[in-house]
Amino acid sequence: MSIQSLPAGKTSRTSQTILSQPKFSRCVGRFIARDQLARDVACLLDFEDAVSSWNCRSLHLRHGFDTYSPDFVAERQYDVLVIDVIGQRRPPQWVSEAVTSQGFTYRTMSRGDIDPIRLRNCKDLLQCSGGEVSLGDRVRLLSVLDQHYSLTLAESLSVFQESKPILGLANMVVGRFIEIDLDTALIGPETVVRRYRG
């Protein structure tokens with residue numbers, strides 16, 4: 001089952017819900033998060049190689065008279081991953097069984113599951129992305145990477161002639177044309193840039 005075929009959830013504004021329009025590239029439908037921790041998990045989902053698309057609170061589960069919508073539904077190549085973010089609230093105990101009975105994989109995430117360096121890098125890239133990279137700049141950078149295998153971020157920026165360099169680079173990472181290490185250190189001039197291999 002594709003996440004696009006899951007029923008759309010109600011997205012009315014409540015005092016506990018955060019609505020916004022981040023520049024997520026793999027979010028299907030409207031972005032809605034219960035709290036900052038859920039927003040942070042969404043940032044990570046956009047850069048998770050195994051995830052092709054994801055959406056927010058689209059799966060509606062029932063258990064007797066109780067109803068519940070987990071935070072995220074993420075489509076991967078071989079399964080659908082349902083994620084609940086555990087911050088100030090915990091999902092009902094019956095949710096895990098209800099999700100797996102539908103053939104989906106269930107996972108909970110808490111603040112301790114998030115690498116702060118990766119999160120900061122993902123947030124920085126999403127903040128800098130948006131718009132289009134010119135065809136010329138995209139072809140130039142990919143051609144140089146084909147010749148040299150890798151460049152530093154500083155070297156990569158010098159390739160851009162038509163697009164704003166940081167914007168262009170961020171868009172190409174978000175668009176999975178190129179990849180950088182998001183886990184070792186904060187993005188800087190010496191960060192290695194390679195062609196995306198998945």
Side-chain angles (χ1 to χ4, degrees), residues 2-4 18-33 36-56 58 71-81 83 109 113-198:
S2 167
I3 66 170
Q4 285 88 342
I18 298 171
L19 296 172
S20 68
Q21 300 297 328
K23 302 169 190 171
F24 294 121
S25 64
R26 272 165 272 292
C27 179
V28 176
R30 190 174 186 183
F31 175 70
I32 180 170
Q36 184 60 50
L37 181 56
R39 179 188 295 271
D40 290 347
V41 170
C43 290
L44 298 175
L45 278 176
D46 235 37
F47 292 91
E48 184 62 46
D49 283 340
V51 172
S52 57
S53 60
W54 56 272
N55 64 28
C56 307
S58 63
D71 290 300
F72 301 105
V73 179
E75 188 167 357
R76 303 188 292 190
Q77 184 174 0
Y78 299 109
D79 70 343
V80 173
L81 175 65
I83 300 171
M109 291 186 71
D113 296 317
I114 296 177
D115 178 346
I117 291 176
R118 184 176 183 87
L119 176 61
R120 172 70 185 277
N121 286 333
C122 291
K123 283 183 170 183
D124 285 347
L125 287 168
L126 286 172
Q127 185 178 18
C128 293
S129 67
E132 297 291 327
V133 180
S134 72
L135 176 61
D137 283 341
R138 190 171 72 235
V139 169
R140 269 188 288 279
L141 182 56
L142 294 177
S143 297
V144 172
L145 288 172
D146 284 343
Q147 293 173 9
H148 298 282
Y149 180 67
S150 68
L151 298 170
T152 66
L153 189 140
E155 292 168 334
S156 298
L157 295 179
S158 67
V159 174
F160 290 90
Q161 297 175 11
E162 302 163 40
S163 311
K164 291 182 178 178
I166 289 289
L167 176 77
L169 187 105
N171 281 331
M172 289 185 69
V173 174
V174 170
R176 297 183 177 176
F177 292 101
I178 59 175
E179 61 186 10
I180 61 176
D181 180 6
L182 299 173
D183 303 310
T184 306
L186 294 179
I187 298 169
E190 69 288 344
T191 300
V192 175
V193 177
R194 294 186 176 90
R195 193 163 184 153
Y196 181 79
R197 303 294 179 192

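The residues of the chain are indexed from 1 along the displayed sequence. Keep in mind that the numbers below use all heavy atoms, side chains included, and drop hydrogens, waters and symmetry copies.
The line from SG of Cys56 to CD1 of Ile83 is 10.5 Å long, rounded to the nearest 0.5 Å. Between atom CG of residue Asn121 and atom CD1 of residue Ile187 there is a gap of 4.0 Å, rounded to the nearest 0.5 Å. How far CG of Leu44 is from CE of Met109: 6.0 Å, rounded to the nearest 0.5 Å. Taking OG from Ser58 and CD1 from Ile32, the interatomic distance works out to 11.5 Å, rounded to the nearest 0.5 Å. With rounding to the nearest 0.5 angstrom, the NE2 atom of His148 is 10.5 Å from the OG atom of Ser143. One finds the CD1 atom of Ile117 at 8.0 Å from the OG1 atom of Thr184 (value rounded to the nearest 0.5 Å).
At distances below 3.5 Å, at least one donor-acceptor pair connects side-chain atoms of Asp137 with backbone N or O atoms of Ser163. In this structure, the side chain of Arg26 does not engage the main chain of Ser52 through any donor-acceptor pair within 3.5 Å.
Among residues at least two apart or in separate chains, salt bridge (charged side-chain N to carboxylate O under 4.0 Å, His left out) pairs with a member in residues 168-184 are Arg118-Asp183. Listed by first and then second residue, the salt bridge (charged side-chain N to carboxylate O under 4.0 Å, His left out) pairs involving residues 122-136 are Asp40-Lys123, Arg120-Asp124 (not counting sequence neighbours). Residue pairs that meet the salt bridge (charged side-chain N to carboxylate O under 4.0 Å, His left out) test with at least one member in residues 149-163, sequence neighbours left out, are Arg140-Glu162. Pairs engaging residues 185-198 under the salt bridge (charged side-chain N to carboxylate O under 4.0 Å, His left out) rule: Asp146-Arg195 [sequence neighbours left out].
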Under 3.5 Å donor-acceptor pairs involving side-chain atoms of residues 166-174, not counting sequence neighbours:
from   : atom 1 : to     : atom 2 : distance (Å)
Asn171 : OD1    : Gly130 : N      : 2.7
Asn171 : ND2    : Gly130 : O      : 2.9
Asn171 : ND2    : Leu167 : O      : 3.2

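Across all their heavy atoms, Asp49 and Tyr196 have their closest contact at OD1-OH, 3.1 Å. Scanning all heavy atoms of the two residues, the minimum distance from Phe31 to Ala33 falls at CZ-CB, 3.8 Å. Nearest heavy-atom pair, Pro189 versus Thr152, reported as atom, atom and distance to 0.1 Å: O-CB, 3.4 Å. Nearest heavy-atom pair, Ser150 versus Val192, reported as atom, atom and distance to 0.1 Å: CB-CG1, 3.7 Å. Of all the heavy atoms in Ala74 and Trp54, the pair that sits closest is CA-CB, 3.9 Å.
With sequence neighbours left out, Ser158 forms a side chain to side chain donor-acceptor pair (under 3.5 Å) with no residue at all.
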For Leu151 and Leu141: C-alpha separation, side-chain torsions, deciding distance, then whether side chain to side chain contact (heavy atoms under 4.5 Å, CB included) applies.
CA-CA 10 Å; Leu151 298 170; Leu141 182 56; 4.0 Å; yes
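When Thr191, Asp115, Leu125, Leu119 are each tested for a side chain to side chain contact (heavy atoms under 4.5 Å, CB included) with Leu182, only one passes: Leu125.
Phe47 places a side-chain heavy atom less than 4.5 Å from the side chain of Leu126. The shortest side-chain heavy-atom distance between Val193 and Leu145 falls under the 4.5 Å cut-off.
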